[in-house]
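First comes the structure, then the notes that go with it.
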Amino acid sequence: METFQSILGESLSRALATAGVPAAGEVVPATDARFGDYQTNAALILAKQRGENPRALAQEIIDHLDVAEYAEQPTIAGAGFINFKLTAVAIARYAARLLQDDRLGVALTNNPRRIVIDFGSPNVAKPMHVGHIRSTVLGDALARIATFLGHEVIRDNHIGDWGTQFGMVIYGWKNLLDRDALEREPIAELVRIYKTTNELGTADPAVREACRQELVRLQTGDPENLRIWNECVALSMKEFEAAYQVLGIHYDIQRGESFYNDRLPDVVRRLLDSGLAERSEGAICVFFRDIPDLAERPCLIQKSDGGFNYATTDIATVDYRIKDLGADTVWIVTGAPQLLHFRQIFEIARREGYTADFRHITHGSILGEDRKLMKTRSGDNVPLGDLLREAVARAEKIVDEKNPELPPEEKNAIALTIGIGAVKYADLSQYRMTDYIFSWDRMLSFQGNTAPYLQNAYVRIRSIFRKLGAEFTAPNELVLTEPAELNLAKRLAQFAETVPQVLNDFRPNLLANYLFELANAFHAFYEACPVLKADEPARGTRLALSELTARVLQRGLGLLGIRVPEKM
RNA sequence: GCGCCCAUAGCUCAGCCGGAUAGAGCAACGGAUUUCUAAUCCGUCGGUCGCAGGUUCGAGUCCUGCUGGGCGCGCCA
């Protein structure tokens with residue numbers, strides 16, 4: 001389905017062509033409802049280029065514009081803006097078509113890509129904590145949206161399952177492990193032995209050396225150390241899976257760092273052979289002498305002791321994703337601190353001749369109420385499991401207050417949907433680069449731009465249809481008269497314009513803001529326009545608008561990885 | 001020292017390619033409930049868009065410099 005924006009945009013292009021002026025500007029949603037529904041500044045741009053009077057040029061464009069099927073006669077305003085106001089008939093016709101469209105108007109991309117999305121990436125032998133929320137939730141939402149738009153998406157969990165920390169973990173395992181504790185809380189025990197070993201190593205060089213030896217043995221394939229490592233990985237994966245289960249996260253593949261181990265020597269050899277890498281101070285580095293801000297920031301791909309590091313792994317990961325997985329696009333969703341690293345990795349890929357579209361999608365941090373990185377009272381990272389459990393518990397308490405007569409089992413399910421939805425929405429409704437302050441009260445409020453507010457709009461609609469009793473059959477024709485009806489219908493039509501926009505700059509918050517405005521428009525409609533008590537044709541029209549709103553909310557929240565309850 | 005990111009209402013935040021009188025929510029205040037979930041809606045109050053220049057018909061948005069905060073910068077990942 002074409003959107004009003006694209007229809008008007010094409011009309012504008014035709015008008016410019018027939019008026020004999022070059023293409024310029026575009027049709028965008030009006031910045032203010034007072035100006036109508038859509039606007040273009042084409043006349044302003046052309047007038048500037050050609051040194052002409054913008055308002056006169058705008059009039060000339062309008063004389064060639066034919067939008068009567070969709071909009072009232074366009075008007076000129078301000079310095080030379082052309083404003084479009086959709087007709088009620090056109091909006092009603094569009095809404096009627098939306099009812100027949102499973103995609104709710106959202107077009108498939110005409111440039112489908114094969115995209116590897118790397119997100120989440122927790123570390124083995126460490127607990128998942130708040131810091132993992134943003135990457136996980138953001139990456140998942142982008143994956144859902146890209147998939148819906150028709151891209152081929154491969155979701156990859158680049159697990160941190162290799163590295164120097166395993167020297168300490170294995171030393172701790174052999175010398176400090178408490179088997180009972182490992183049974184009860186495996187990750188906590190792994191953290192304990194790691195931390196204790198680290199402390200011992202700080203005080204005692206002999207321990208440090210022993211850890212180094214354990215690491216070397218692991219890397220050279222010692223069976224005992226490999227077995228311990230494998231067990232750590234398995235225990236951690238179990239923990240990750242539990243979190244993903246609660247969060248509703250799915251991965252297509254999980255290629256941890258260790259997966260690339262046997263490819264690392266070739267990476268270094270290849271880069272040396274091609275002259276991209278060179279020896280420097282005992283290590284092997286790639287320099288970027290021709291790029292001013294990277295000139296003094298080489299990328300180390302092999303340490304002077306012969307070991308490889310995460311840059312080596314990430315270069316091997318690029319190879320794998322392009323050559324083995326056949327990706328033409330790679331999105332890596334991690335925090336902003338890794339900006340320099342991925343800039344280097346992408347630059348190396350470019351120098352090696354890769355033409356794929358590499359994007360490092362960064363995000364800010366989650367802060368506590370004190371505006372510092374969110375920590376527990378004792379200064380540790382807040383474990384993700386604890387946080388998710390609290391979200392559900394808080395949601396359950398609210399449901400209990402508002403709707404005590406629901407059966408307990410249903411209450412639990414609703415609390416899960418609301419609690420997890422609130423955590424995800426709090427994150428996704430905000431621009432990804434800004435740090436945000438975590439607040440239970442705000443995210444679980446039913447007022448404002450929150451998941452519960454949106455979910456409640458959906459629930460109210462479901463309630464209408466329960467009361468309706470009979471099966472709803474959409475009318476062939478809608479009749480929009482009330483301002484609240486028109487406003488809601490226009491919002492519904494904008495879904496198709498909003499979803500693709502998210503991927504321009506990886507901003508799911510654009511979709512979240514849209515859904516908030518839709519829910520707002522619905523609630524206003526709900527107050528102003530009785531549905532079931534109305535006479536035909538208003539009743540059928542209002543049922544249809546309600547149905548569409550429910551579908552857009554469900555679909556839109558679904559694209560953010562958030563579910564909707566039937567009751568709450 | 002160099003680089004990246006951020007700075008918008010009392011608080012939390014929108015504002016993508018430069019567009020019209022900078023918008024929401026919360027808080028505060030005032031209204032609306034014989035009702036399909038008031039879990040909501042309507043209204044009022046609230047601004048030197050960090051500071052100073054520049055580019056132009058037009059700057060929260062682009063450029064330069066500064067201030068403040070966060071992060072990063074060869075053998076951790």
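To find a chain, count down the sequence lines: A is the first, B the second, and so on, and within it residues start at 1.
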- Query: Would you say a side-chain N or O of A/Arg507 is under 4.0 Å from OP1 or OP2 of B/rG15?
  - Reply: yes

- OP1 or OP2 of B/rC26 under 4.0 Å from side-chain N/O of A/Gln447: yes

- Query: So, A/Glu396 and A/Lys411, do they make that salt bridge, N to O below 4.0 Å?
  - Reply: no

- Step by step, would you call A/Tyr38 with A/Glu497 a side chain to side chain donor-acceptor pair (under 3.5 Å)? CA-CA 12 Å; A/Tyr38 291 89; A/Glu497 296 168 3; 2.7 Å; yes

- Rounded distance in Å between the C1' positions of B/rU67 and B/rA27: 30 Å

- Message: Wobble G-U and Watson-Crick pairs count when both distances are under 3.5 Å; given that, what is the 5' to 3' dot-bracket string of RNA chain B, with | for pairing to other strands?
- Response: (((((((..((((.....[...)))).(((((.......))))).....(((((..]....))))))))))))....

- Item | Interatomic distance at C1', B/rA20 relative to B/rG58, whole Å | 10 Å

- Query: From the list B/rC41, B/rA39, B/rG25, which nucleotide is the closest neighbour of the side chain of A/Lys402?
  - Reply: B/rA39

- Check the distance between B/rC62's P and A/Lys48's NZ and give it to me in whole angstrom. 15 Å

- A/Phe472 CZ to B/rC36 P, in whole Å, measures 20 Å

- Below 4.0 Å: OP1/OP2 of B/rC41 and any side-chain N or O of A/Asn520: yes

- Rounded distance in Å between the P positions of B/rC11 and B/rG1: 31 Å

- In B/S/- notation (B base, S sugar-phosphate only, - none; protein heavy atoms under 4.0 Å), nucleotides 63-77 of chain B written 5' to 3' is --------SBBBBSB

- Task: Please state the P separation for the pair B/rC36 and B/rA24 - nearest whole angstrom.
- Result: 30 Å

- Report which part of the nucleic acid A/Asn504 touches: base, sugar-phosphate, or nothing (heavy-atom distance under 4.0 Å, all strands). base

- Task: Using only side-chain N and O atoms of A/Asn509, determine if any of them is under 4.0 Å from OP1 or OP2 of B/rG15.
- Result: yes

- Do the side-chain N or O atoms of A/Thr31 get closer than 4.0 angstrom to the phosphate oxygens (OP1, OP2) of B/rU21? no

- Gap between atoms CD and P, on A/Glu482 and B/rC41 respectively (whole Å): 18 Å

- On the ring face of A/Tyr260, is A/Arg263 found with NZ or CZ under 6.0 Å from the centre and within 45° of the axis? no

- Could you please spell out the steps behind the salt bridge (Lys or Arg N to Asp or Glu O under 4.0 Å) verdict for A/Arg289 and A/Glu278? CA-CA 12 Å; A/Arg289 297 193 176 84; A/Glu278 61 194 82; 3.0 Å; yes

- Message: Among B/rC13, B/rG19, B/rG15, which nucleotide has an atom closest to any side-chain atom of A/Tyr436?
- Response: B/rC13

- Message: So for A/Glu517 and B/rA24, does any side-chain atom that can act as donor or acceptor lie under 3.5 Å from a complementary atom in the base?
- Response: no

- Would you please determine if the base of B/rA20 is stacked by A/Phe81, with stacking meaning a centroid separation under 5.5 angstrom and planes under 30 degrees? yes

- Task: Rounded to whole angstrom, note down the C1' distance from B/rU64 over to B/rG23.
- Result: 30 Å

- Query: On RNA chain B, nearest-nucleotide positions of A/Phe35 versus A/Lys533: which is more 5'?
  - Reply: A/Phe35

- Spacing of the P atoms in B/rC57 and B/rC41 (rounded, Å): 44 Å

- Can A/Tyr453 be classed as stacking with the base of B/rA39, given a centroid separation cut-off of 5.5 Å and a plane angle cut-off of 30°? no

- Which nucleotide sits closest to the side chain of A/Ala77: B/rG58, B/rC5, B/rA20? B/rA20

- Task: From the options B/rC16, B/rC36, B/rC17, select the nucleotide whose nearest atom is closest to the side chain of A/Gln501.
- Result: B/rC16

- Quick one: are A/Leu138 and A/Phe506 in side-chain contact, heavy atoms under 4.5 Å? no

- Query: Do A/Glu281 and A/Ser304 pass the side-chain contact (heavy atoms from CB on, under 4.5 Å) test, and can you show the C-alpha distance, the side-chain angles, and the key distance before you say yes or no?
  - Reply: CA-CA 8 Å; A/Glu281 297 174 30; A/Ser304 50; over 6 Å; no

- Message: Taking B/rC29 as the reference, what is the distance to B/rC71 when you measure between their C1' atoms (whole Å, please)?
- Response: 42 Å

- Message: Under a 3.5 Å cutoff, is there a donor and acceptor pairing between the side chains of A/Gln554 and A/Arg551?
- Response: no

- Would A/Asn509 and A/Arg432 satisfy side-chain contact (heavy atoms from CB on, under 4.5 Å), going step by step from the backbone distance to the final call? CA-CA 8 Å; A/Asn509 67 304; A/Arg432 63 182 160 77; over 6 Å; no

- Nearest-Å distance for atom pair CD/C1', residues A/Glu485 and B/rC41: 17 Å

